[in-house]
Amino acid sequence: MASFFDIKARKAAAAEANSSKTPAKPLVDNRLQPWIEKYRPKYLADVTAQSHTTQILARTLQTTNLPHLLFYGPPGTGKTSTILALCHQLFGPLLFKSRVLELNASDERGIGIVRKKVKDFARQQLSQVPTGRDLEIEGKKMAYQDRYPCPPYKVIILDEADSMTQDAQSALRRTMETYSRLTRFCLVCNYVSRIIDPLASRCSKFRFKSLDSANASNRLQEIAQHEGVRVDSDAIEALIRCSEGDLRRAITFLQSAARLVGALAGTGPVVPTKGKRKKEREEEEEEEREAEGGGDKMDIDADEKLRGDTITASSIEEIAGVIPSPTIESLVSAMQSPKSPGTRFQAVERVVRDMVADGWSANQTVAQLYERVVFDETVSDRQKYKIVSIFSEVDKRLIDGADEWMEMLDLCLRISGILTER
Amino acid sequence: MALLVDKHRPRSLEALSYHHDLSERLKALAESGDFPHLLLYGPSGAGKKTRILCLLKALFGPGAEKIKIDSRVFQTTSNRKLEFNIVSSVYHLEITPSDVGNYDRVVVQELLKEVAQTQQVDLSAKQRFKVVVVNEADGLTRDAQSALRRTMEKYSPNLRLILVANSTGGIIAPIRSRTLLVRVAAPTEEEIEGVLTKVGQKERWRVVEGLNKRIARESGRNLRRALLMFEAVYAQNESDKISEKTLIPPPDWEALIEQIAKEIVEEHTPARILQVRAKLYDLLTHCIPPTTIIRTLAFKLIPKIDDPLKPEVVKWGAFYEHRIKMGSKHIFHLEAFVAKFMRISESFAMGMDFD
């Protein structure tokens, strides 16, 4: 409703162009969308860095024969994007709703759902391919079916399939076979080991590998360019480092950082598709201002300057919750201090206490301390072997929900003991 | 009469007395119209909740302060009825799903979907979305958190979540990647001192700088605790008698733990363990979390013992704290820690390893 009103308001504003004095308003809608949705690949070819998988799938576009699919791989590597892009290319916008069923962990997904919702959908008749409607693409008229293959089956996407119960998974087994004439299943999961064997053996498996940094950085730069955000190369590196191959996380970080930079400057990133309109509007405003005597001119100049703020590595790290290296260094030096055990204990205790009070999470500390200590050349192999086992123990305990403060202190003291023993 | 903590709680982002750049940023976010999902994390008493209330006010205006408490009944799949309290205003809801333990997923799913599917009723509202504040988000079960995942994306036009947690450790990665992480660090001792002075002035109490400094130090960078201690001191003493050396009364439970620490350092015998057991039970029946007991006990023991033993105490403290989380009966592990402490200090005194 409200957006409807908004459009109306916008039209009214356009009609009496002079009265539109709020430049940011029409942009709001577009900016509200998270970039991960906005830049979700629309075509298989757009999927970054999974060429092996996309090639095979592209071939199915031509043959229109699709096996059951099982996509697995770490988060943010494009599994859901790939299947959604494939379905869009197969069915097009008109058929997508009636031919594709997407279920994920936020929907109830016990055995009941598999029995009812999945079966009902699988049982449905195929919806008619729209024949009469022609599409106009690049000036040429084209039948809907020429543009989209519209193969004679439906697709059921079970996202986050590894969080389905065992029972629900076994209920799928027979369903998959019985309705295979009309229906293809696509299971998407992070851990293939959580999918029961009988299901896995019915699907052709595709592994999505973690993104390499070159591909990720290209994609990030592309998005930054689209959004008109200036990012220096350090920041891109920091993004990739902090996100550990998870492109979705990197993009969210980028958007948050852009918000931070943009928000602090009082204006959001410029959306290039609206650039033309914006320019027109600015010209109009320019005229208006001249009529008023140019009093506001200063304002827009300041605006321009601030919008140019670059995203730096430090702002990315702040968003990602990475502990600044001086803090880690002070912790390490406290652990290695050559003084008596008593003072060393006090020093370590104080640093850990401050870190807890500053809200740094234990998991992050463990990860960064690991990087720092285990790859330190001055630590002997024998020490490292002992230290690594401590890391493993503490990590397990943190996963179990043990108290972060105690665990951090314990970890640091034990490592300190090993580092300083002679 | 309200407690100082509530009475002098800042009500707008401008009034917050520390982390000014964070306040600026939140303010800019509230004004930009592009408001993301937030995850605020930081230790307790750092001002997370205060900031959220201020943020809501900045988003929606004073209407966000008119709150009411609803009690709703949810039904689980196994037909169990759950009572659940919701604090809400016209613009936002505040829930603590960990109240219902393992059934939090049901609440999260049903409630959020319901909220997300209805739009803001008030057309004159400043924002088109409603805000749901989820307290103790790190206490949510994994199921509940994965139920949040898709909801966050799907209903983003109508719904914004603000998650509050003590640490990001308990939050699953997919949620972390969908939210803007905001770290709220605890105030420094100087900042606490400043707040205490300001509050004292507002209350027209005589300001004793040395006392404020001591309270700030003893509070462990927890502003809420500092304010409570501050109030306690002024409530228990005549205003003109308060000086730098006025005793700051520790909470009862802390005094009791201190006593336990003293006792187990003094004597290492089974009889002593029996005595201590009664005190531990006392603490547990007064609902002091076992984690707090074991942590406080370890920190109270440390100044009383020799240097080489200190890391050992921390090690076993962490060990038994983990056991507490995994096990079901807390007293076992608390006692085990006491016994272990006696054993290691005895073996240290005799100069040999018993292990």
Side-chain angles (χ1 to χ4, degrees), chain A residues 1-3 5 24 28 31-34 37 75-76 104-108 110 159-160 163 246 248-249 252 255-256 259-260 262-264 266 268 318-321 340-342 345 349 353 356-364 397-398 400-407 409-410 413-414 416-417, chain B residues 24-25 28-29 31-34 36 41-43 46 77 109 119-120 123 128 143 146-151 153-154 156-157 166-170 173-174 176-181 183-186 220-222 291 294-295 298 302 306-308 310-311 314-315 317-319 321-322 324-326:
Chain A
M1 271 308 257
S3 75
F5 284 121
V28 163
R31 275 171 48 210
L32 277 180
Q33 212 180 4
E37 294 295 328
N104 53 53
S106 59
D107 305 303
E108 182 70 48
D159 209 345
E160 295 152 35
S163 62
D246 182 343
R248 178 176 49 212
R249 213 154 116 201
T252 325
Q255 186 176 18
S256 305
R259 268 192 195 121
L260 244 162
L264 275 178
E318 194 186 318
I319 286 165
S340 73
F345 176 85
E349 205 269 339
R353 187 183 288 265
V356 171
D358 280 338
W360 299 118
S361 79
N363 297 58
Q364 189 65 37
R397 286 194 198 163
L398 284 172
D400 286 340
D403 184 55
E404 300 203 338
W405 190 355
M406 292 293 296
E407 292 301 335
L409 192 56
D410 182 30
L413 286 175
R414 273 156 77 179
S416 160
Chain B
E24 280 291 305
R25 210 182 303 148
L29 276 180
E31 279 165 6
S32 69
D34 174 21
Y41 66 100
T77 40
Q109 265 179 346
Q119 283 208 338
Q120 187 72 264
L123 274 179
R128 268 200 280 141
D143 277 353
S146 42
L148 275 182
R149 277 166 81 156
R150 194 64 192 155
T151 319
E153 283 176 354
K154 222 170 172 178
S156 67
N166 277 112
S167 147
T168 52
R176 262 185 282 167
S177 77
R178 281 174 176 80
T179 49
L180 177 55
L181 298 181
R183 184 173 60 90
V184 185
R221 296 178 66 183
N222 181 334
T291 303
I294 211 161
R295 194 207 298 140
I302 282 164
D306 295 324
D307 287 343
K310 286 174 180 175
V314 174
K315 177 179 157 191
F319 178 82
E321 200 277 328
H322 175 231
I324 285 177
K325 283 280 153 61
M326 301 307 287

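Residue numbers start from 1 in every chain, and the chains themselves are labelled A, B, ... in the order their sequence lines are given, proteins ahead of strands. In what follows, every heavy atom counts, from backbone to side chain, and hydrogens, waters and symmetry copies are set aside. Here the structure is a predicted model, which is why all the values come from computation and not from measurement.
In terms of non-hydrogen atom pairs under 4.5 Å with chain A, the most contact-rich of B:Arg176, B:Arg295, B:Lys310 is B:Arg295. Ranked by heavy-atom pairs shorter than 4.5 Å toward chain B, the options A:Asp403, A:Val356, A:Leu413 are led by A:Asp403. Chain B forms the most heavy-atom pairs under 4.5 Å with one residue out of A:Gly417, A:Ser361, A:Ala402, and that residue is A:Ala402.
There is no contact between A:Gln364 and chain B, counting heavy-atom distances below 4.5 Å. Only the side chain of B:Thr291 comes within less than 4.5 Å of a heavy atom in chain A; its backbone stays farther off. At a 4.5 Å heavy-atom cutoff, the contact between B:Ile302 and chain A is made by side-chain atoms alone. For chain B, the nearby part of A:Arg414 is the side chain; its heavy atoms alone come within less than 4.5 Å. There is no contact between B:Pro308 and chain A, counting heavy-atom distances below 4.5 Å. Both the backbone and the side chain of A:Asp410 come within less than 4.5 Å of a heavy atom in chain B.
Using a 4.0 Å cut-off between charged side-chain N and carboxylate O, A:Asp358 and B:Arg221 make a salt bridge.
Of the inter-residue distances, the one linking A:Asp400 atom CG with B:Lys325 atom NZ reads 10.0 Å to the nearest 0.5 angstrom. Note that OG1 of B:Thr179 and CG of B:Leu148 are 10.5 Å apart. Values are rounded to the nearest 0.5 Å. How far CE of A:Met406 is from CZ of B:Phe319: 12.5 Å, rounded to the nearest 0.5 Å.
Remark: A:Glu404 pairs with B:Ser167 by the side-chain hydrogen bond (donor to acceptor under 3.5 Å, both in side chains) rule, at least two apart or across chains.
With hydrogens and angles ignored, the 3.5 Å screen pairs no side-chain donor or acceptor of A:Glu407 with any backbone N or O of A:Leu398.
Minimum interatomic distance between B:Pro43 and B:Ala186 (heavy atoms only, all atoms of both residues): CG-CB, 3.9 Å.
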